[in-house]
Amino acid sequence: MQEPETPTMALSGKLNKKKCILFFVSFILTVIVWNLPSTFFGIDGLTTVQQRVIAIFVMAVMLWLTEAIPAWATSVTIIFVLLFFVSNSSFKFMQGSEGQYGQLLDSVGIMACFADPTIILFLGGFILAIAATKSGLDVWMAKAMIKPFGKKSENVLLGFLLITGIFSMFISNTATAAMMLTFLTPVFKALPANGKGRIALTMAIPIGANLGGMGTPIGTPPNAFAYKVLNDPTGMNLDISFGHWMAVMVPLVIVLLIIAWFLLRKLFPFSQKTIELHIEGDVKHNWRSVVVGATFFVTIVLWIFGKQIGINANTVAMLPIAVFAFSGVISAKDLQQIDWDVIWMVAGGFALGLAMNGTGLAKVAVESIPFGSWSPIVILIISGLVCYFLSNFISNTATAALLIPILSVVCSGMGDKLNIIGGDPTILVGIAVAASAAMSLPISTPPNAIAYSTGLINQKDMAKTGIIVGVTTLALGFCMLIVLGKCGLL
């Protein structure tokens with residue numbers, strides 16, 4: 001006897017049907033752009049290979065926007081299409097005669113996106129987070145850091161904001177949000193069930209995680225995209241160190257977290273003035289904990305000061321990976337906890353940028369579009385708002401992967417005109433700031449989704465708080481970047 005269809009099954013079927021339609025539409029649009037006459041694009045000297053890259057970019061936009069397939073799967077698809085149809089290892093009939101189709105991409109270079117130095121930087125951060133959790137170091141740090149804030153409710157709120165922000169600089173903001181929310185469970189037992197203080201504390205976690213991620217190049221994937229483009233030896237080659245990034249962004253993060261504290265106190269005031277705080281769990285007292293603690297400390301110190309002794313941040317990231325591997329702190333099973341979907345997404349974004357530059361598409365676009373006549377302020381504001389809007393609805397990693405390659409081209413076309421707003425870093429770091437500022441919906445970021453899943457906050461409260469904090473972040477962040485850039489400090 002056939003079981004009756006449940007409402008959940010029916011909804012799943014409708015969603016699958018919708019995604020199939022969206023995928024088909026994306027495919028058709030990509031094929032159309034792929035086969036349009038080259039004159040349609042209005043770019044002088046556009047080659048067949050460059051037109052294919054435009055089509056692949058359209059495909060990425062459609063798939064990331066519609067989420068017809070998972071975001072990481074879109075990145076895999078990008079790399080697959082580049083290898084099979086745009087590289088020097090593609091089908092013979094796709095390569096044409098020498099010089100006929102234009103500059104083909106080096107297949108080795110495309111595959112190298114999986115092991116880009118910035119990917120290793122991310123892996124180092126993930127490994128540190130896993131080791132810290134496994135050894136109990138994260139719980140010990142949270143307990144030690146929250147203790148100075150005392151028992152006053154508003155001060156405890158500030159403590160959770162700041163500690164979540166600090167953790168998110170070095171540990172995945174998703175993992176940080178999940179961990180910090182577990183620490184709130186005993187706190188809630190000391191608060192009235194119908195009080196607004198619970199909402200304030202719950203909202204503090206995603207806000208702290210989203211803002212804190214701006215503080216380091218490994219805090220969020222959009223930071224990694226900007227960091228790579230700014231430091232690319234074949235591109236801008238600005239040699240911005242890990243410590244330099246922190247020196248600029250950490251003060252901004254702290255100011256924004258304090259602003260968020262005042263906002264949360266105003267919107268969701270505590271009815272109970274004090275809280276008895278008990279965070280359960282403790283660090284495991286063994287040699288592995290000592291290894292993790294020492295390695296964590298040395299890694300962060302080298303990330304901050306490595307440039308002075310000739311070691312870049314990407315190289316430093318191998319330190320925790322190697323130490324934890326040969327010491328046995330991390331096992332093969334632990335590697336399964338790495339957010340591989342994020343790694344795939346970042347690699348796909350790098351491949352997209354490589355395609356635009358490697359085929360010469362970026363150069364011809366610069367020559368055909370008069371970026372030099374555009375106002376730098378207008379470009380900064382529009383690009384920031386577009387990034388902010390998109391990141392509220394789709395992955396901020398996908399948004400950065402789409403926008404940063406385009407804006408790196410725009411920056412090249414602007415030349416010295418960008419000096420009025422502080423140069424190229426203002427635009428590219430501005431995109432990373434805008435991506436982190438998007439936190440108005442449960443779907444905007446994983447920390448938002450985790451906080452919303454507790455059932456303690458509703459969508460209206462999240463939207464109201466997220467929009468105010470997000471717009472403040474955009475305004476303050478862009479102003480700071482412009483001032484520091486013009487002073488030559490960025």
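For the single chain, residues carry numbers from 1 onward in sequence order. Values reported hereafter were calculated over all heavy atoms of this structure, with side chains retained and with hydrogens, waters and symmetry mates removed.
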Report the C-alpha separation of Leu63 and Ile78 in whole Å, then their side-chain angles, then the decisive distance to 0.1 Å, and conclude whether the side-chain contact (heavy atoms from CB on, under 4.5 Å) test is met. CA-CA 10 Å; Leu63 292 178; Ile78 290 168; over 6 Å; no

Looking at Phe41, I'd like to know if its CZ atom is crowded, meaning that more than 12 non-hydrogen atoms belonging to other residues, nucleotides or ligands lie closer than 6.0 Å.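 More than 12 heavy atoms, drawn from other residues, nucleotides or ligands, come within 6.0 Å of this atom.
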
Quick one: do Gln103 and Val49 satisfy side-chain contact (heavy atoms from CB on, under 4.5 Å)? Show the steps, please. CA-CA 7 Å; Gln103 179 66 45; Val49 170; over 6 Å; no

Are any side-chain N or O atoms of [X] and backbone N or O atoms of [Y], one a donor and one an acceptor, separated by less than 3.5 Å?
X      : Y      : result
Trp245 : Met214 : yes
Arg52  : Phe85  : yes
Ser75  : Met345 : yes
Asn419 : Gly422 : no
Trp303 : Ala313 : yes
Asp116 : Ala112 : no
Ser436 : Val433 : no
Gln51  : Leu46  : no
Thr465 : Met462 : no
Thr216 : Met169 : yes

Rounded distance (nearest 0.5 Å) linking atom [atom1] of [X] with atom [atom2] of [Y]:
X      : Y      : atom1 : atom2 : answer
Ser135 : Phe296 : OG    : CZ    : 9.0 Å
Met480 : Leu256 : CE    : CG    : 9.0 Å
Met180 : Ile171 : CE    : CD1   : 10.5 Å
Leu104 : Ser89  : CG    : OG    : 10.5 Å
Ile110 : Leu352 : CD1   : CG    : 11.0 Å
Thr118 : Asp232 : OG1   : CG    : 8.5 Å

What I'd like to find out is whether the side chain of Met439 reaches to under 4.5 Å of the side chain of Leu211, using heavy atoms alone. yes

Take Leu302 and Phe242 through the test side-chain contact (heavy atoms from CB on, under 4.5 Å) and record every step on the way to the result. CA-CA 9 Å; Leu302 288 177; Phe242 197 102; over 6 Å; no

How about Asn396 and Thr399: does a side-chain donor come under 3.5 Å of a side-chain acceptor?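 Their side chains do not contain a donor-acceptor pair, so the 3.5 Å distance test is not met.
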
Compute the centroid of each ring, for Phe225 and then for Phe350, and state whether the two points are separated by less than 6.0 Å.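 Ring centroids of Phe225 and Phe350 are less than 6.0 Å from each other.
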
With Ser440 as partner, the option from Val469, Val471, Ile467 fulfilling side-chain contact (heavy atoms from CB on, under 4.5 Å) is Ile467

How are the rings of Phe80 and Phe84 set to each other: parallel, tilted or perpendicular (split at 30° and 60°)? tilted

Please lay out, stage by stage, how Thr359 and Thr47 fare under the test side-chain contact (heavy atoms from CB on, under 4.5 Å). CA-CA 9 Å; Thr359 61; Thr47 66; 6.0 Å; no

Please step through side-chain hydrogen bond (donor to acceptor under 3.5 Å, both in side chains) for the pair Asn448 and Asn210, ending with a clear verdict. CA-CA 9 Å; Asn448 278 27; Asn210 294 325; 3.1 Å; yes

